[in-house]
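In each ligand, atom 1 is the first atom listed, and ligand 1 is the first ligand listed.
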Amino acid sequence: MKDLLRRSQYLFSETQPEALKPSKSEVAFVGRSNVGKSSLLNALCEHKGLADVSKMPGRTRLINVYAPAHLRWLIDLPGYGFAMGSDELRKRWAAMIEQYLTSRPSLRAVILMFDSNVGPMPMDHQMREWLTAHELPYVLVGNKIDQVPPAKREAHLTRIAKALHVEVSDIRWVSATHGAGLKELRKEVVELLNRDQYAEIP
Ligand code: GDP
């Protein structure tokens with residue numbers, strides 16, 4: 001099972017969350033544009049170019065679906081932030097994401113990515129607050145940890161954790177391009193995908 005993500009294939013892209021068929025389980029990835037979402041998907045699946053589909057013209061604002069196994073999905077949600085353009089686009093983005101996030105009983109967790117070096121931005125905090133308000137489980141992932149100088153790391157990560165009101169160890173610190181933390185995160189994602197809807201009910 002540990003190699004499950006390696007079998008991931010691009011399935012399809014969708015603009016209408018309500019058109020998505022039920023899955024057995026899914027894990028969604030969300031974060032600001034440029035946070036390294038495609039790089040992380042590629043790295044977790046050990047499949048260079050897998051998530052490049054999300055960069056194709058016309059696809060950057062779509063929900064892209066990858067399947068490591070039948071009806072077990074990785075969901076690449078469009079990035080938020082500087083690439084969003086007008087208010088109108090932002091509203092459409094928010095409506096689509098919110099519609100997706102509130103309509104998937106099989107959603108096991110949201111991987112909420114931020115840049116470790118920059119720290120969480122206002123939109124990252126907003127997204128987290130929104131997830132909390134909707135009682136949706138999420139995993140905080142600080143990407144680009146390789147860019148934080150080792151000498152400053154402890155103080156820097158402590159500051160970030162404090163701003164998020166969590167412990168440093170509650171955040172998964174990873175580097176999509178340099179490999180740090182990927183093995184552990186891969187394991188966590190596989191466990192989430194393998195968890196069936198009613199498995200926790202005795
Ligand atoms: P996306 O817009 O969130 O899908 O971001 P990309 O995966 O395209 O990454 C944006 C840029 O950040 C690219 O130049 C990546 O090579 C770079 N990048 C992604 N992850 C990391 C990382 O962990 N460390 C460093 N140093 N660069 C990264």
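- The structure places CD of Gln9 at 12.0 Å from CG of Leu74, a figure rounded to the nearest 0.5 Å.
- An N or O contact shorter than 3.5 Å links Gly36 to ligand 1 by distance.
- Annotation for ligand 1: atoms under 4.0 Å from non-hydrogen atoms of Ser39 are 6 (P), 7 (O), 9 (O), 15 (C), 19 (C), 20 (N).
- Close approach to Ser175 involves these atoms of ligand 1, each under 4.0 Å from a residue heavy atom: 22 (C), 23 (O), 24 (N).
- If you check which protein heavy atom lies closest to atom 11 (C) of ligand 1, you get Asn34 OD1, 3.8 Å.
- Within the 4.0 angstrom cut-off, atom 21 (C) of ligand 1 has one or more protein heavy-atom neighbours.
- The protein does not reach atom 14 (O) of ligand 1 closely, with no heavy atom under 4.0 angstrom from it.
- In this structure, Leu193 is a member of the same hydrophobic cluster as Tyr10, with clusters built from ILVMFWY side-chain heavy atoms closer than 4.5 Å.
- Residue-to-ligand polar distances keep Ile145 apart from ligand 1: every N/O pair is separated by 3.5 Å or more.
- Within the 4.0 Å heavy-atom criterion, both parts of Thr177, backbone and side chain, lie near ligand 1.
- Arg61 places no side-chain N or O within 3.5 Å of a backbone atom of Arg92 that could act as its donor or acceptor partner.
- For ligand 1, none of its N or O atoms has an N or O atom of His178 under 3.5 Å away.
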Requested in this report: Applying salt bridge (Lys or Arg N to Asp or Glu O under 4.0 Å), run through Glu191 and Arg195 and close with a yes or a no.
Outcome: CA-CA 6 Å; Glu191 279 169 8; Arg195 195 187 299 160; over 6 Å; no
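- If you check the side chains of Thr177 and Ser39, you find no donor sitting under 3.5 Å from an acceptor.
- Ligand-side atoms of ligand 1 in range of Gln147: 26 (N), range being under 4.0 angstrom from any heavy atom.
- For atom 17 (C) of ligand 1, the closest non-hydrogen atom on the protein side is Lys144 NZ, 4.1 Å.
- Asp115 places a side-chain N or O within donor-acceptor distance of the main-chain N or O of Val118, the cut-off being under 3.5 Å.
- Checked by atom type and distance alone, the side chain of Arg7 never pairs as donor or acceptor with a backbone atom of Pro68 at under 3.5 Å.
- Of all atoms in ligand 1, listed by their number and element, those nearer than 4.0 Å to a heavy atom of Asp146 are 22 (C), 23 (O), 24 (N), 25 (C), 26 (N).
- Crowding of His134 atom NE2: a count of heavy atoms from other residues, nucleotides or ligands under 6.0 Å exceeding 12.
- Within the 4.0 Å heavy-atom criterion, the part of Asn143 lying near ligand 1 is the side chain and not the backbone.
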